Amino acid sequence: MANRTIRIWRGDQSGGQFEEYTVDVGEGMVVLDVIHLAQMHHANDMAVRWNCKAGKCGSCSMEINGKPKLGCMTRMGDYEADEIITVQPMKSFPVIRDLVTDVSWNYRQNERITPFTPRPRDADGNWRMYTEDVERTQEFRKCIECFLCQNTCHVLRDHDKRDQFVGPRFMIRIAQLDMHPLDTVDRIPATKEEYGAGYCNITRCCTEVCPEHINITDNGIIPMKERIVSRYYDPITMLARKLFGGK
Amino acid sequence: MAANPTGVGGHEYGYAKTTRTDKWWVGPAATAFGLGLWLIYYVWSAAQGDYYAAGPYMSPFYPFYLHPSEAGMGASDAFFGMNPAWWPALISPALIAGFAPGAFRITCYYYRKAYYRAFFGTPPGCAVGARPQDYRGETFLLVFQNLHRYALYGALLLLPYLYWEAFQSFRYHGEWGVGVGSIVMVLNSVFLTFYTLGCHAWRHLVGGQLNCFSCGAVPRLRYGAWKGVSRLNENHMKWAWTSLIWIAFTDIYIRLVSMGVITDLNTWGGF
């Protein structure tokens, strides 16, 4: 066991302050453990959202030494022994209290997306898909909705374009639906106009912070941007569509 | 316990403001230095119009020239003939030839990240304050980025020429042979191929645009191509930098051999 100091922001929408807590930290502990120790021994009114402690529920998103991370997946051993760890709530969402933020804006974005709309079943009553057709969308299904990508995206974080851009988490949800071989909805016009794909400038912070290592940018956002290019900016594919049909 | 009053969440606001404690600025600073240095060298080298050929070797910055004759390099060897007298000397064939690959790199999805961070501060780093502006992303002035695939077509057209030049570098005065410069030129073509064929737009065109890979023989073939391109695409940044550095190295190598500063080791016994 070793004494470690953790600096946690305490407050609500009206303001707050950093408070330092010194706790005994054991080998293998993660930042969320240390927050719980501080809560147990020094501040049992401290608010922190958590659930699985296994990096699968997406609840304990926070900013640790300024980096968006999951508290339960960030080892204290990754920091210098004498380093003071600073913990803050996510910047892009309104603080409810201490480390807990209101992420409900994300759920409203999800509601805007037309759900999966499959074509009718085959004559024998089945839907048939082959592995190669659906395997690339499986990556997007790993999303745990921690919203660290939404928090880090500068379009939302710094420019506050919530009315124009749905953010990276929902760009991969749209990609997952649009690439699905059974889905029948033409999602390209909405992706360009309503969901604001053009606001993403591919700076890849969403991919860098994703705890599930989903390649949000290369496999989700850029393919959707390329589909928009084929529809709206590429005269050759536009002509081919006129001549031969198709989306 | 110690308390310090702060704003909500204790976050910093403003350009390049952050509570990150790591050296987040090293990446963008290194990118700005690397790209800036490369650009300065390219403009200097391309505008100079000299020392671009040595023996059977031809600088990749000068792809609009035919293979140099025995008489040496010069406008008389140019593919499109001599420049007219009124043509500004500074606008060398290399500068014109650089347009397609330049546009390809400028609109490249990797380089966009690199220079948006390094030069434009949108944002300078992850969770680091972006430059304040009326941000429109790539919907307004930067909408031209959507034409990346056309720049790709230009870059694809140049690849066979680079391979032709690399092939030519094994033949000098009608005699087959090999020199260090030949290997440098072959590697240059290979690295540029890996970079070009790992392009995101190419990945989309070869198969990414399909939703059903199993629907027929052609989609199945395209699925295979898409998988291959995807593997290159995973290392797009690596090939972007490797090819960028190597093309400049190739030019420098041929320049130094041409100037007589270094001697090329080869089977022809010198030039």
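Labels below follow one simple rule: chain letters A, B, ... track the order of the sequence lines, proteins then strands, and each chain is numbered from 1. Since we're looking at a predicted model, the values are computed, not measured.
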Checklist outcome for this item: chain A shares the most heavy-atom pairs under 4.5 Å, among B/His148, B/Arg203, B/His200, B/Arg149, with B/Arg149
Next on the checklist: Using 30° and 60° as the class boundaries, would you call the ring planes of A/His159 and B/Tyr135 parallel, tilted or perpendicular?
Outcome noted: parallel
Next on the checklist: Using a strict SG to SG cutoff of under 2.5 Å, would you count B/Cys126 and A/Cys205 as disulfide-linked?
Outcome noted: yes
Item to check | Top of B/Glu12, B/Arg131, B/Arg136 for chain A proximity - count of heavy-atom pairs under 4.5 angstrom | outcome: B/Arg136
Checklist entry - What residues of residues 225-241 of chain B sit under 4.5 Å from chain A when you count only heavy atoms? => result B/Trp226, B/Lys227, B/Asn233
Checklist entry - By a 4.5 Å heavy-atom criterion (distance strictly below it), what part of B/Tyr150 contacts chain A: side chain, backbone, both, or neither? => result side chain
Next on the checklist: Within the 4.5 Å heavy-atom criterion, are A/Ile85 and A/Arg7 side-chain neighbours or not?
Outcome noted: no
Item to check | Greatest number of heavy atom pairs closer than 4.5 Å to chain A - which of B/Glu138, B/Arg220, B/Gln145 | outcome: B/Glu138
Next on the checklist: Under a 3.5 Å cutoff, is there a donor and acceptor pairing between the side chains of A/Asn3 and A/Thr22?
Outcome noted: no
Checklist entry - Using non-hydrogen atoms only, which part of B/Tyr153 is less than 4.5 Å away from chain A: side chain, backbone, both, or neither? => result side chain
Item to check | Reported CD1-to-CD distance for the pair A/Ile35 and A/Gln39, which is rounded to 0.5 angstrom | outcome: 9.0 Å
Checklist outcome for this item: If you tally heavy-atom pairs under 4.5 Å between each of B/Gly125, B/Ala127, B/Gly137 and chain A, the highest tally belongs to B/Ala127
Checklist entry - Roughly how far, to the nearest 0.5 Å, is CE of A/Met129 from OG1 of A/Thr137? => result 8.5 Å
Item to check | Winner by heavy-atom pair count (cut-off under 4.5 Å) against chain A, out of B/Thr18, B/Val128, B/Thr21, B/Leu142 | outcome: B/Thr21
Checklist entry - Hey, what's the ring geometry for B/Tyr42 with B/Trp38, parallel, tilted or perpendicular (30° and 60° as the breaks)? => result parallel
